[in-house]
Amino acid sequence: MVRVRIGPSPTGDPHVGTAYIALFNMIYARQHGGQFVLRIEDTDQTRSRPEWEGMIMSALKWLGIQWDEGPDVGGPHGPYRQSERGPIYREHAEILLSNGRAYRCFCTSDRLDQLRKQQRQRNVASGYDGHCRHLTDEEIAQHIQAETPFVLRLKVPNEGVTKFVDRLRGEVSFDNGQIDDQVLLKSDGMPTYHLANVVDDHLMEITHVMRAEEWITSTPKHILLYEAFGWEPPVWIHMPLLRNADKSKISKRKNPVSLNYYKDAGFLPPAILNYLAMMGWTMPDGREKFLVDDMVANFSFDRISLGGPVFDIAKLSWLNGLYLRECTPEQMVEHLRGHLFSDARLVEVAKLVQERVDKLEDFMEHTAFFFNGDVRYDDDALHAMQPKGRTVKEIREVLEGLCERIDMLAEVNRTNIEQELRAYCESLGWKTKELFMPVRVAVTGSKATPPLFESMEVLGKERCRRRLRGAVAVLRNLES
RNA sequence: GGCCCCAUCGUCUAGCGGUUAGGACGCUGGCCUCUCACGUCGGCAACACGGGUUCGAAUCCCGUUGGGGUCACCA
């Protein structure tokens, strides 16, 4: 029985990398008549938010990624949200404590920071120095008595090697001296990824762990944990990482990574899935256009190539065009109505321009920017983007900063964006109009528009960010 | 920097000892056509380097170089 899983962390927008890994997991489960589990890994209490969780699940559903077990559909191995599995982790931590495979660490984060700094200075491998590993029973009792906050660390053997077989690469081995005494339980009582992941995968009877390559170096820690518990580890499959054009790990700095971006821009789910499938995998007959079912019928690990694939929006666009072209005109209208031209959205737009048009035909002139992709900035717009007394560099950096602030918001609405913009002005020490006009122009391409906050709400987070980024690029060009 | 992974056109890739190194995106030229787009035909463009192994290496081994990842009480 094949059981696979993905464990997205609800700490931001639904990520294209999540969809990528999800796709391969789902394909593999389907091909083997197994189950595909969705587990929400929300053990980071400071960054996890339920809004993100909801968005991730709906974005995956929109794409057509379906799971057999998960927080929304339930299943026999629940709960499927790690924040609800606290007792399970504590119970297992207890096992490791009592069999001597883990120990309490009372070190302060100050000391750890110091340690890391020193290690970096001396240019030695960083890692925990084992300070608390040899505490006497009395010392431990004292700390517990004094209620010193502590974490639980994995006791990694000093000698020997830990190895595992990656289905795509063969044997990979690490010197144990190289492996850190990982924190297993944080001082807030929550498990770290490592503990939660291993415990859950075992309890949920996961047979194949298909995840991104960035996890490869922490796999030995996981192996050690399986050993410590006396469990059988799953089959490991580390998929290549999606890349930016410069080959670095795909990031929002250099690429649109939010699935919402692709939805808003009008990419079709089958096209996206098709494209993602081509990232590192090929059909045996070389076909480039294929459906999920075709992939299920033909998938094999042996056809995965390991060079990190650059995510190329141009090629995605071409593929999407293929799918769009095979629609009937009626279907195309349906797609348009589904999102970009939905009645609800049209109503919002209408509200904003009603008082500005005399004839219906004036509508497009006032509202085109709501429906377009990127906007172009003419000289007039460029001029308006630069408030008097501020340098191009300043305004560029301010818009960049705004982009980051918007990124923290689950959605952009008139209320929160006004708050955000005003707070930003305050922190900058700028007058509101110095900021609002550049933002208006950046986001709409024009000086004369419906009210800014409302417009931004209708444009949506993704379009706002995209244009802000576009404006930043234009301004940066102007600088040199 | 230590450790780990990776390495064919700019990009996605086929190739699993013997090929004129193939396809796709992009770029480009022609055709189609009232324009554009689509479509179609053609072109440019790659085995990182150095050693082995072998009758023979893009394919196997080693090294170099290059790229990436990772070194958190984030996942």
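When reading the values below, keep in mind they use all heavy atoms of this one structure, side chains included, and skip hydrogens, waters and symmetry mates. Reminder, nothing fancy here: chain letters follow the sequence lines and each chain counts from 1.
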Can you check whether A/Thr282's main-chain N or O pairs, donor with acceptor, with A/Arg303's side chain at less than 3.5 Å? yes
What distance, rounded to whole Å, do you find between the two C1' atoms, one in B/C47 and one in B/U19? 13 Å
So, the side chain of A/Asp13 versus the backbone of A/Val257: is there a donor-acceptor pair under 3.5 Å, distance only? no
Rounded distance in Å - CH2 (A/Trp215) to P (B/C71): 9 Å
Regarding A/Thr217, tell me which of base, sugar-phosphate or nothing describes its non-hydrogen contacts under 4.0 Å with the strands shown. base
Tell me the interatomic distance from A/Arg47, atom CZ, to B/A75, atom C1', rounded to whole angstroms. 7 Å
Whole angstroms only, please: what is the CD-P distance between A/Glu213 and B/G68? 13 Å
Just the rounded figure in Å: distance from P of B/C25 to CG of A/Asn320. 15 Å
Below 4.0 Å: OP1/OP2 of B/A75 and any side-chain N or O of A/Lys186: yes
5' to 3', nucleotides 7-14 of chain B under a 4.0 Å protein heavy-atom cut-off (B base, S sugar-phosphate only, - none) gives ----SBSS
Any sub-3.5 Å donor-acceptor pair from A/Asn320's side-chain atoms to A/Ile272's backbone N or O? no
Rounding to a whole Å, what distance do you find between A/Leu112:CG and B/C74:P? 12 Å
Report the residue (A/Leu168 or A/His194) whose heavy-atom-nearest nucleotide on RNA chain B is the more 5′ of the two. A/Leu168
Using a cut-off of 4.0 Å on non-hydrogen atoms, how would the nucleic acid contact of A/Arg169 be classed: base, sugar-phosphate, or nothing? sugar-phosphate
Closest nucleotide among B/A75, B/C73, B/C3 to the A/Phe174 side chain: B/C3
Would you tell me whether A/Tyr89 and A/Asp200 have side-chain atoms, one donor and one acceptor, within less than 3.5 Å of each other? yes
Sub-3.5 Å donor-acceptor pair from the side chain of A/Glu53 to the main-chain atoms of A/Ile40, do we have one? no
Any strand is fair game: report the nucleotide pairing with B/U33 by Watson-Crick or G-U wobble, both distances under 3.5 Å, or none. none
Can you tell me the distance, in whole Å, between the CD atom of A/Gln178 and the P atom of B/G1? 15 Å
Tell me the closest heavy-atom pair linking A/Ile6 and A/Asn25, and the distance in Å. CG2-ND2, 3.7 Å
Nucleotide paired to B/C3 in any strand shown, Watson-Crick or G-U, under 3.5 Å: B/G69
Any side-chain N or O of A/Arg104 less than 4.0 Å from the OP1 or OP2 oxygen of B/C73? no
For atom C1', what is the distance between B/C27 and B/C44, given to the nearest Å? 8 Å
Quick one: does any side-chain atom of A/Lys461 pair with a main-chain N or O of A/Asp407 as donor and acceptor, under 3.5 Å? yes
Taking only the P atom of each, what is the distance from B/C12 to B/G52 in whole angstrom? 32 Å
If the C1' atom of B/A24 is compared with that of B/G43, how far apart are they to the nearest Å? 16 Å
Taking the P atom of each, how far is B/G30 from B/A37, in whole Å? 13 Å
Taking the C1' atom in each of B/C4 and B/U8, what is the distance between them to the nearest angstrom? 24 Å
Between A/Thr192 and A/Gln182, do the side chains contain a donor N or O and an acceptor N or O under 3.5 Å apart? no
From C-beta outward on A/Ile216, which listed nucleotide comes closest to its side chain: B/C25, B/C73, B/C5? B/C5
In whole angstroms, how far is the P atom of B/A75 from the NZ atom of A/Lys252? 16 Å
Rounded to whole angstrom, note down the P distance from B/A21 over to B/G68. 31 Å
Categorize A/Ser173 for me: base, sugar-phosphate, or nothing, with a 4.0 angstrom heavy-atom threshold over every strand shown. sugar-phosphate
Name the pairing partner of B/A48, where a pair is Watson-Crick or G-U wobble with both distances under 3.5 Å, or state none. B/U64
Applying salt bridge (charged side-chain N to carboxylate O under 4.0 Å, His left out), run through A/Lys61 and A/Asp72 and close with a yes or a no. CA-CA 12 Å; A/Lys61 281 181 190 163; A/Asp72 54 337; 3.1 Å; yes
Between A/Glu171 and A/Lys163, does at least one N-O distance fall below 4.0 Å, as a salt bridge requires? yes
Check whether any side-chain nitrogen or oxygen of A/Thr43 sits under 4.0 Å from OP1 or OP2 of B/A75, and answer yes or no. yes
Strand partner of B/C16, provided both Watson-Crick or wobble distances fall under 3.5 Å: none
If I pick the P atom on B/A7 and the same atom on B/U20, what distance separates them, to the nearest angstrom? 25 Å
Between P on B/C5 and NZ on A/Lys249, what's the gap in Å once rounded to a whole number? 18 Å
Is B/C25 paired to anything, Watson-Crick or G-U wobble with both distances less than 3.5 Å, and if yes, which nucleotide? B/G10
For A/Thr11, answer base if it contacts any base atom (sugar-phosphate contacts may also be present), sugar-phosphate if it contacts only those atoms, and nothing otherwise; contact means non-hydrogen atoms under 4.0 Å. nothing
